[in-house]
There are 4 protein chains.
Amino acid sequence: MNQAQRGRPRDTRIDERVLRAAATLLLRHGYAGLSIEEVAERAGVAKTTLYRRWPTKDHLAVAVVAHLQDEDDITDTGDIRRDLSDYTEKIATALNRLRSAGRPAGQDNRSAGVVAELVAAGARHDDIGRMGRHNYARRNALAVALIERARERGQLRADLDPLVLLDQLAGALYYRVLITGAPVDRHYAEQLVATALDGAANRKEAPRP
Amino acid sequence: MNQAQRGRPRDTRIDERVLRAAATLLLRHGYAGLSIEEVAERAGVAKTTLYRRWPTKDHLAVAVVAHLQDEDDITDTGDIRRDLSDYTEKIATALNRLRSAGRPAGQDNRSAGVVAELVAAGARHDDIGRMGRHNYARRNALAVALIERARERGQLRADLDPLVLLDQLAGALYYRVLITGAPVDRHYAEQLVATALDGAANRKEAPRP
Amino acid sequence: MNQAQRGRPRDTRIDERVLRAAATLLLRHGYAGLSIEEVAERAGVAKTTLYRRWPTKDHLAVAVVAHLQDEDDITDTGDIRRDLSDYTEKIATALNRLRSAGRPAGQDNRSAGVVAELVAAGARHDDIGRMGRHNYARRNALAVALIERARERGQLRADLDPLVLLDQLAGALYYRVLITGAPVDRHYAEQLVATALDGAANRKEAPRP
Amino acid sequence: MNQAQRGRPRDTRIDERVLRAAATLLLRHGYAGLSIEEVAERAGVAKTTLYRRWPTKDHLAVAVVAHLQDEDDITDTGDIRRDLSDYTEKIATALNRLRSAGRPAGQDNRSAGVVAELVAAGARHDDIGRMGRHNYARRNALAVALIERARERGQLRADLDPLVLLDQLAGALYYRVLITGAPVDRHYAEQLVATALDGAANRKEAPRP
DNA sequence: GAGTAAGCGAGACGGTACGTCGCGTCTTCGT
DNA sequence: ACGAAGACGCGACGTACCGTCTCGCTTACTC
């Protein structure tokens, strides 16, 4: 059965207030600008209360970002080219949100760092890392299913490894956001999908004789 | 001509000693385990001397990694498939070095974090970010030239955007290392290149009707 | 009524431990030998805790000395000559304690410096200066009262300014300790009082005709 | 004979420039505001050059103040009351110069600290201490001679210890400047001398029965 | 409705590094 | 030698945040 409740129950409104305050700080001042001390003050909450829910600043930050990103689900229209473009664009949108949210204007490097710090957080704490990988696996599983169905319809090569294709799409986005700083948008998503599906090799001539 | 020398010249052996000490710490204990205080002590150097050369722990860390990675140049054998595989593998090797160096065994998450922290460092300090992007641009320029030559030889599509192809190759590697934690090796590099060149679409039938 | 207690109360034993450790260092190695870092270590206390109570090394040093000097009160026997000698001697004793405490032997210059550094501390920080002057004013007020009573008994001149007399007594002591390095003891105190009371002028002849 | 000169002779104009720069800093920002680094820069002189002349910041500071104070000599008019008042006032003037020089307005505590820091400097370095005491002894010797002559003229008690009288005069001044912060001026000097010469005791009645 | 177990606000505490400051020494070149 | 320039070692400073703790008070559920 349910564990009988003992003692005063947690005030659920607090989570909301804290996450909002933390999100503000995180997006405005980057990861370093997110200090537990200030979050507590802004949320009108004691530090103790914070630590009771998120054992670490890293955990809090992850929760903030998870809270920001609404679940994007995958649509299957039968047109794999379009479905993959949609999927890719959704990832791009989420990344862009983290990248530029709350920024005055121009290229916002700071928040690009937020993504990196989250990755680092995953490396610092096993549980965060596991959770992150689990989430990615879950998301990927849906995309893999999409690809499988297209393959069964004969739209994709029979020997294609779906994960490799996904690596190429999502990877390119992360690479741009994290490393080169180049922009990612709908157009880039489509270009990516086109290149990935049609191949870079020239098929007019014998690609491999 | 040469600027006349003013004052006592910097002791060049110090850079060497410091970078070595820092590299040891960074690879052994991850980014958090890299403390200026201890680097100074191990290198037998005053903390002020460190700060005179690297204004920040982030700057030092970047310098360390730059120092670790020997310049990988690109070879052009005429076989684009092989050249790209080599190039991709070189990146993978560099990433793996950061990932697992000094780790006892098994999957080493900690050092995956090093890459992430370096990215974050680039986001925290404009100068580091600029320098990083500049370096990537330089490396990419060589690869772009390689691709252009192959295209002129008729091996690649005329309408191919070389940068997109490179994003797909390098991006997939970074994605695996940073996000999913999957392994990257020679085999993966080849698989990546094959998928990218030949395309995911099934060409036996009409790819786009 | 009493302010309701908020938060964890300060651990009062810490003050004791810190002041003891600081006193040891101060008396043994002089002002320069008093380092917050080492006090913290010896007292088994975090540096932050120290700074929470004494915002500055100067503040700590003042607190240490204040803690060393037990309140010397003034006795009124009716014999002003004796009372002033006692008072003067008490000051001398306190100064000597600072001067020679913990010194191996011989003329101890170092600790003469402690007095000077405390004065300098009062000049560096307004709050310390104010507090110091306040304390001296309080002590002087008692002595002034003593003098007033003696004057009412007809033992002192009617037109005497008590503060001037006190300046002459205490000042001579500080002057010796700080400037000339000459010794101050009971005998000197009595000599001082005698000279001050009886005057330097020769009264056998008309001092001012 | 004189040691034959070897090498380039010292540039004598440098002392002047340095002392002026140092005096500015010392009077404007107090002892802590006197930094060798900045003195060197302002004087347009290398730090090395500074250290070749004054082995320590303390030594420099002492030199600065010594340079500021022009030698006050003692005048003997035959009127001991007036001579002592003059002497006392001269000391007061010198102290006031250190106390208020360069201050915007109001009571300037900072520079009161300069005096204290000089005393502390004397405690930190034996040679400074010795030199300081020597100077005071020299000055006092002149005053003692003055007093002796007055005593021989029958103006002062035969059993008077001249040094005690001087302690009372000079001490009171230093005490006010350093400790209580009270003002010292011509009027106070006269009051001091009067009290010291005539005595605090009431001579109308039997002072000591 | 008295007990009691937990939540909560507040703030002290230990700890770890950080980056800074100033001193006094040294090394190099040029005068 | 002296002088300018500036690197270097050293020692401490005061700060910032983290995450833990100890108070007193509040809010439920339970008996």
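Each chain gets a letter, A, B and so on, in the order the sequences are listed, and its residues count up from 1. Just so it is clear, the structure is predicted and the values come from calculations on it, not from any experiment.
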Practice task
Compare side-chain N and O positions of C/T49 against OP1 and OP2 of E/dG14 and report whether any pair is under 4.0 Å apart.
Solution key: yes
Fill in the blank from the handout: Of D/K47 and C/D11, the one whose nearest nucleotide on DNA chain E sits closer to the 5' end is C/D11
Problem - Contact residues, residues 14-24 of chain A to DNA chain E [heavy atom, < 4.0 Å] - result: A/I14
Practice task
Quick one: label D/L34 by what it contacts on the DNA or RNA (base, sugar-phosphate, nothing), any heavy atom closer than 4.0 Å.
Solution key: sugar-phosphate
Practice task
Nearest whole angstrom, please: distance from the C1' of F/dC10 to the CG of B/L50.
Solution key: 14 Å
Handout entry: Whichever of D/T12 and A/I36 has its nearest DNA chain F nucleotide further upstream toward 5'
Key = D/T12
Fill in the blank from the handout: The residue, A/S35 or C/A32, whose nearest nucleotide of DNA chain F is more 5′ is C/A32
Problem - Verdict with supporting geometry, D/I36 and D/Y51, side-chain contact (heavy atoms from CB on, under 4.5 Å) - result: CA-CA 9 Å; D/I36 297 277; D/Y51 278 105; 3.8 Å; yes
Exercise for the section: Please report, rounded to the nearest Å, how far the C1' atom of F/dA16 is from the CG atom of A/L25. Expected result: 15 Å
Practice task
Drop me the distance from D/R17's CZ to D/R13's CZ, to the nearest 0.5 angstrom.
Solution key: 7.0 Å
Practice task
Send over the distance from D/Y51 OH to E/dT27 P, rounded to a whole Å.
Solution key: 17 Å
Exercise for the section: Return the minimal non-hydrogen interatomic distance between B/A22 and B/L34, and the atom names on each side. Expected result: O-CD1, 3.5 Å
Exercise for the section: Figure out the CD/P separation between D/E41 and E/dC21, and round it to whole Å. Expected result: 14 Å
Exercise for the section: Using heavy atoms to find the nearest nucleotide of DNA chain E for B/P9 and B/T48 separately, return the residue whose nucleotide is more 5′. Expected result: B/T48
Fill in the blank from the handout: note: C/E37, atom CD; E/dG15, atom P; distance rounded to Å ~ 14 Å
Fill in the blank from the handout: Of A/R20, A/R53, A/R10, A/H67, the one forming a side chain to side chain donor-acceptor pair (under 3.5 Å) with A/D15 is A/R53
Completion exercise
Rounded to the nearest 0.5 angstrom, the OG1-CH2 distance for B/T49 and B/W54 is 10.0 Å
Exercise for the section: Return yes if the base of F/dC21 and the side-chain atoms of C/R8 contain a donor-acceptor N/O pair under 3.5 Å, otherwise no. Expected result: yes
Problem - Nearest-angstrom distance from the residue atom CD of D/E38 to P of E/dT20 - result: 18 Å
Problem - pair A/V119-B/V115: side-chain heavy atoms closer than 4.5 Å - result: no
Handout entry: Expected output: side-chain A/T56 to main-chain A/H59 donor-acceptor under 3.5 Å
Key = no
Problem - D/A116 versus C/A120, closest heavy-atom pair with distance - result: CB-N, 3.6 Å
Fill in the blank from the handout: Expected list for residues 52-68 of chain C near DNA chain E, using heavy atoms below 4.0 Å, is C/R52, C/R53
Exercise for the section: Would you kindly give the CZ-to-P distance between A/R13 and E/dG9, to the nearest whole Å? Expected result: 10 Å
Fill in the blank from the handout: Hits for salt bridge (Lys or Arg N to Asp or Glu O under 4.0 Å) against B/R8, two or more places apart or cross-chain, chain-then-number order -> none
Problem - Check ion pair B/K57-B/E117 (N to O, under 4.0 angstrom) - result: no
Fill in the blank from the handout: Atom CZ of C/R6 and atom P of F/dC25 are separated, to the nearest Å, by 10 Å
